[in-house]
2 protein chains.
Amino acid sequence: MKLSAVTIKDISRELNLSTSTVSRALRDSHEISIETKQLILDYARKINYKPNRNAQSLKEKKSHSIGVIVSEIANSFFSQVINGIESIASKNGYTVNISQSMESAERELMNLEYLTSSFIDGLIISVSTETKNHLYLKEVHEKGLPIVFVDRVIDEIETHKVIADNFKGAYKATKHLINKGYSKIALVSNHAGLSIAKERLEGYKVALSEAKIPVKDNMIVFCDHGGMLYSEVESAMNSLMRLRTKPDAIFAGSDKITTGCMRFMKNKKIRVPEELALIGFSNNDLTELLSPPLSVIKQPAFEMGEAAMTLLLSMMESKRPQQKFETRIQSTELLIRKST
Amino acid sequence: MKLSAVTIKDISRELNLSTSTVSRALRDSHEISIETKQLILDYARKINYKPNRNAQSLKEKKSHSIGVIVSEIANSFFSQVINGIESIASKNGYTVNISQSMESAERELMNLEYLTSSFIDGLIISVSTETKNHLYLKEVHEKGLPIVFVDRVIDEIETHKVIADNFKGAYKATKHLINKGYSKIALVSNHAGLSIAKERLEGYKVALSEAKIPVKDNMIVFCDHGGMLYSEVESAMNSLMRLRTKPDAIFAGSDKITTGCMRFMKNKKIRVPEELALIGFSNNDLTELLSPPLSVIKQPAFEMGEAAMTLLLSMMESKRPQQKFETRIQSTELLIRKST
DNA sequence: TATTTTAACGCAATCGTTCCCGACAACAAT
DNA sequence: ATTGTTGTCGGGAACGATTGCGTTAAAATA
């Protein structure tokens with residue numbers, strides 16, 4: 001069942017006017033006399049008229065709604081990003097359609113195909129770890145769908161991008177560990193193919209090199225699903241702990257991995273930071289309350305969401321395809337607490 | 001700018017057929033010969049035809065999208081609920097439109113009015129703490145919009161409701177504290193007008209009464225915005241700590257309040273549970289890793305989301321207004337850890 | 001052979017809005 | 001008196017998909 005809506009026709013019939021006049025009055029056209037306009041507006045308010053957005057969308061070829069695809073909503077970083085997106089979107093009369101890829105390329109594609117059925121005016125996406133073939137994304141982009149990448153970008157697609165300064169964040173974190181006297185620093189990274197993972201790896205490597213610490217391959221392990229499952233982090237950590245020269249510090253490459261590592265150390269009763277230090281990317285507010293309070297690299301998630309939506313707005317509202325695209329790099333924050 | 005979509009007309013023109021035939025072929029009607037059908041299907045796939053959902057919605061008077069209004073996405077409980085909703089929705093071809101009230105009745109109403117512009121087929125809502133006048137909600141409900149309440153319900157509106165067993169959860173938590181030897185148990189509650197707050201208060205009171213512990217009003221404090229701001233929790237806790245007979249245990253009435261209390265105790269260097277025990281409602285995965293690990297009452301958030309969406313589906317898909325509504329009460333889980 | 005049935009397709013209206021054209025007054029300018 | 005102008009309004013065609021009904025030819029039946 002559905003709600004029976006009142007339409008422009010109802011108004012025009014009641015007031016003995018044409019639908020054109022009513023439509024124009026509601027849109028405050030100058031072609032309508034003030035009296036008629038007032039009459040229509042009053043009556044419309046009285047019967048609680050709301051324009052049918054589907055009809056409007058069909059006519060205007062604009063839905064005033066955007067799609068957002070992230071890997072998981074229940075992830076502090078992404079929920080904060082969405083928060084930022086929503087705040088700008090609702091201010092500008094846009095509805096936000098959210099779907100989750102759950103780090104699965106298949107689900108991502110499904111959502112994408114669904115959202116792009118001439119339904120959304122624009123898309124903000126943070127690609128899943130699995131994504132390797134972005135044919136479809138590229139296709140809709142070339143057909144003219146405005147897209148903004150957030151956090152996890154695809155270099156091959158030229159459009160606006162909003163990312164954190166992953167290189168610098170990783171660099172600062174690693175350098176911090178070095179300054180604290182740690183030398184056997186392991187990296188538990190996200191999927192190697194991810195843009196953020198590459199940048200963070202690079203920051204890690206450069207910091208080590210500058211300190212003349214050799215970068216060892218066996219000190220770098222990967223979680224191909226970004227720590228979505230704890231077991232993934234567990235086996236990554238286990239492989240590190242089996243090493244002949246165990247690490248004395250862990251640098252975790254994502255929110256879920258960071259908390260996963262923490263969980264691992266708790267489970268294994270590894271003392272932090274005495275036996276093993278821990279620092280990682282995380283936007284979870286509770287990291288501060290952990291024992292020990294976690295040192296983290298925090299991304300300006302809310303602001304990144306705002307920036308992405310603002311950029312998307314500019315694309316959607318511009319008449320002609322934009323030529324110049326910008327990549328906004330927002331700086332991360334290093335919060336040093338007790339775990340390092 | 002927008003993406004130029006391919007329509008049924010493009011197909012019909014190219015193949016020298018009528019739009020009716022094309023439409024019927026795409027919908028696999030028996031009135032179309034197999035050869036023609038195949039021809040159309042092949043060509044449609046070739047040019048990557050996607051039906052225009054706005055046009056479909058206009059024709060069918062169904063948008064196949066639902067609205068979800070919660071107080072905040074970046075709240076583990078709600079993000080898990082949304083997770084559950086989305087999983088069922090996408091399986092059934094529905095798009096989820098999420099908006100946040102941020103515990104503001106004004107924002108809630110804005111979102112509601114926006115979503116209900118003949119745009120959504122159904123609504124799942126967890127009302128904000130501020131909400132007191134639900135006139136508009138009642139109005140759209142009476143006009144026939146299927147609504148399902150989750151977690152925070154409005155008794156006056158008769159429809160499906162999905163809630164956790166708040167009474168029992170609170171009862172069990174309080175009883176647990178009593179069994180552990182605590183007797184001066186304070187309740188830091190959510191806004192008093194909220195259904196969940198009332199039920200939890202009741203569970204708290206009954207448990208105390210059964211143990212012949214008098215219920216004292218000054219041991220019950222309220223956070224009118226559900227702990228949205230830390231300052232709110234802080235002042236609530238401060239008023240408790242100023243009491244002549246301070247509490248020896250805190251029972252926190254919501255996710256944000258629980259973590260807020262924990263934060264307060266850390267800040268004030270109050271030893272948990274020696275000086276003050278803490279238990280509370282929370283769905284945050286990290287509570288386990290806090291020091292001490294928090295005892296919590298956990299709600300089946302994901303399952304609640306699933307249930308809500310399932311109920312909403314049944315309402316949306318039924319031809320006539322439903323008469324019988326159910327209130328699904330899902331049981332909570334008491335996780336006893338070190339904070340009590 | 002004449003008539004009915006059936007298969008396969010087209011026509012045109014419809015959903016609710018918007019907007020390009022007019023239409024038709026009243027009035028001003030020539 | 002004729003022509004222009006302006007201010008208000010209505011007619012009707014879109015937007016893209018769906019669908020009841022009508023049409024036509026071929027096939028089946030009498």
Side-chain angles (χ1 to χ4, degrees), chain A residues 1-41 43-44 47-65 93 116-121 143, chain B residues 2-41 43-44 47-65 93 116-121 143-144:
Chain A
M1 65 152 311
K2 64 216 158 205
L3 72 169
S4 57
V6 22
T7 78
I8 268 188
K9 277 188 194 165
D10 299 324
I11 302 181
S12 68
R13 202 180 312 114
E14 177 66 26
L15 302 181
N16 263 323
L17 291 164
S18 75
T19 58
S20 334
T21 307
V22 175
S23 172
R24 273 186 271 254
L26 292 169
R27 313 197 104 236
D28 201 28
S29 159
H30 63 276
E31 295 188 65
I32 308 297
S33 73
I34 307 183
E35 303 86 52
T36 318
K37 209 182 273 182
Q38 203 47 242
L39 186 72
I40 292 173
L41 255 39
Y43 185 70
I47 62 173
N48 198 21
Y49 167 80
K50 296 264 171 52
N52 184 313
R53 285 183 53 195
N54 284 313
Q56 284 182 321
S57 300
L58 179 59
K59 193 86 232 285
E60 292 177 44
K61 290 167 178 286
K62 280 203 68 177
S63 67
H64 283 277
S65 68
T116 50
S117 305
S118 359
F119 185 60
I120 52 169
D121 297 338
K143 275 204 183 161
Chain B
K2 63 214 155 204
L3 73 168
S4 56
V6 21
T7 78
I8 265 187
K9 277 189 195 165
D10 299 324
I11 303 182
S12 67
R13 201 182 311 115
E14 178 67 26
L15 301 182
N16 262 324
L17 289 164
S18 75
T19 59
S20 337
T21 307
V22 176
S23 172
R24 274 187 268 255
L26 292 170
R27 312 198 105 235
D28 200 26
S29 160
H30 63 275
E31 294 188 64
I32 309 297
S33 73
I34 306 183
E35 303 86 52
T36 319
K37 212 182 272 183
Q38 202 49 243
L39 187 72
I40 293 173
L41 253 39
Y43 185 70
I47 63 173
N48 197 20
Y49 166 81
K50 296 265 171 52
N52 183 313
R53 285 183 55 197
N54 285 313
Q56 284 181 319
S57 300
L58 181 59
K59 190 88 230 291
E60 292 178 46
K61 289 168 178 285
K62 280 203 68 178
S63 67
H64 284 278
S65 70
T116 51
S117 305
S118 358
F119 184 60
I120 52 169
D121 297 338
K143 274 202 185 163

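Chain letters run A, B, ... following the sequence lines, proteins first and then strands; every chain starts at 1.
Contact annotation for A/D10: no contact, since no heavy-atom pair falls under 4.0 Å across all strands.
Residues B/K143 and A/N48 have side chains in contact (heavy-atom distance under 4.5 Å, counting atoms from C-beta outward). Counting heavy atoms from C-beta outward, B/N52 and B/T7 have side chains that stay 4.5 Å or more apart.
Within the structure, every side-chain polar atom (N or O) of B/S57 is placed at least 4.0 Å from both OP1 and OP2 of C/dC15. Proximity of B/S18 to the phosphate of C/dG10: a side-chain N or O atom is located under 4.0 Å from OP1 or OP2. Contact check, B/T36 against C/dA8: no side-chain N or O comes under 4.0 Å of OP1 or OP2.
One interatomic measurement links the two molecules: CZ of A/R24 to P of C/dC20, which rounds to 9 Å at whole-angstrom precision. When rounded to the nearest whole Å, the span between CG of B/L26 and P of D/dT18 equals 8 Å. Distance, B/E35 CD to C/dC9 C1': 13 Å, rounded to whole Å. Atom-to-atom, CD1 of B/I34 to C1' of C/dC9 comes out at 16 Å; the value is rounded to the nearest Å. Summarising the geometry, the separation between CD on B/Q38 and P on C/dC9 is reported as 13 Å, rounded to the nearest angstrom. Between B/N16 atom CG and C/dG10 atom P the separation is 9 Å, expressed in whole Å. Atom CZ of B/F119 is separated from atom P of C/dG16 by 17 Å (rounded to the nearest Å).
For the side-chain contact (heavy atoms from CB on, under 4.5 Å) test with B/I8, the passing option among B/T19, B/L17, B/T21 is B/T19; the others fail.
In terms of heavy atoms, A/L58 sits closest to B/L58 at CD2-CD2, 3.5 Å. B/D10 and B/A5 make their closest contact through OD2-O, 4.1 Å (heavy atoms, listed as atom of the first residue, atom of the second, distance). Residues B/S63 and B/D121 approach most closely at N-OD1, 2.9 Å, considering heavy atoms.
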Going 5' to 3' through nucleotides 12-17 of chain D and flagging B where a protein heavy-atom sits under 4.0 Å of the base, S where only the sugar-phosphate is that close, and - otherwise, we get B-BBBB
Do any side-chain atoms of residues 23-31 of chain A form donor-acceptor pairs under 3.5 angstrom with protein atoms, and if so which ones, sequence neighbours left out?
unit_1 : atom_1 : unit_2 : atom_2 : d
A/D28  : OD1    : A/K37  : NZ     : 3.1
A/S29  : OG     : A/E31  : N      : 3.0

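Checking B/H30 against A/E31, the closest nucleotide of DNA chain C that is more toward the 5' end is the one next to B/H30.
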